[in-house]
Every structure is written in structure tokens, then in C-alpha cells.
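Let me begin by presenting the structure, written as C-alpha cells, before commenting on it.
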Amino acid sequence: MATVDNTVAQTIGALVEGQRQMEARLDRLEGKVDKLLWVNLGLFGAVIAATIVAAIR
């Protein structure tokens, strides 16, 4: 019975560790997506600003 308990505990431990690794990967990916969004918003703002400046001249 103790062997079964140890095996179940090891399996649960492996699943929990896998979950932690997946969450860490998702956090890194989320950070990269956030950076890309901010870069795109900055580029969009620059294009709008350039268009307004060109229209005023």
C-alpha cells in the first residue's frame, strides 16, 4: 500500500511540476506579446503623427 501511495504522490508531483513549467512558459510568452503590442501601438502613433504633420504643412 505504501508503494502505491508513493507512486501516486510522485505522479501528482510530476503533474504539479509540469503545471508550473507551463505557467512559466505562458508568462514569458505573455510578456513578449505585451512588448509587441506596445511596439505596434508606438508605430501606429508615429504614423498618425506623421500624417497629421504632413496634412498641416
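In this chain, residues are counted from 1 in sequence order.
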Under 3.5 Å, which donor-acceptor pairs link side chains of residues 27-41 to any protein atom two or more places apart or in another chain?
| from | atom 1 | to | atom 2 | distance (Å) |
| --- | --- | --- | --- | --- |
| N40 | ND2 | L36 | O | 3.3 |

* To do: Among Ile, Leu, Val, Met, Phe, Trp and Tyr joined by side-chain contacts under 4.5 Å, find the other residues sharing a cluster with V47 and list them by chain and number.
  =>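 ILVMFWY cluster around V47 holds nothing else.
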* Asked: With clusters built from Ile, Leu, Val, Met, Phe, Trp and Tyr whose side-chain heavy atoms come within less than 4.5 Å, directly or transitively, what are the remaining members of the cluster of F44, listed by chain and number?
  ->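 The other cluster members (ILVMFWY side chains, heavy atoms under 4.5 Å, direct or chained) are I48, I52, I56.
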* Asked: Any side-chain hydrogen bond (donor to acceptor under 3.5 Å, both in side chains) pairs touching residues 14-25, not counting sequence neighbours?
  ->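 Every side-chain hydrogen bond (donor to acceptor under 3.5 Å, both in side chains) pair that includes a residue of residues 14-25, provided the two are not neighbours, is Q19-E23.
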* Results of side chain to side chain contact (heavy atoms under 4.5 Å, CB included) for L26 - residues two or more places apart only ->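 For L26 the side chain to side chain contact (heavy atoms under 4.5 Å, CB included) partners, ignoring immediate neighbours, are M22.
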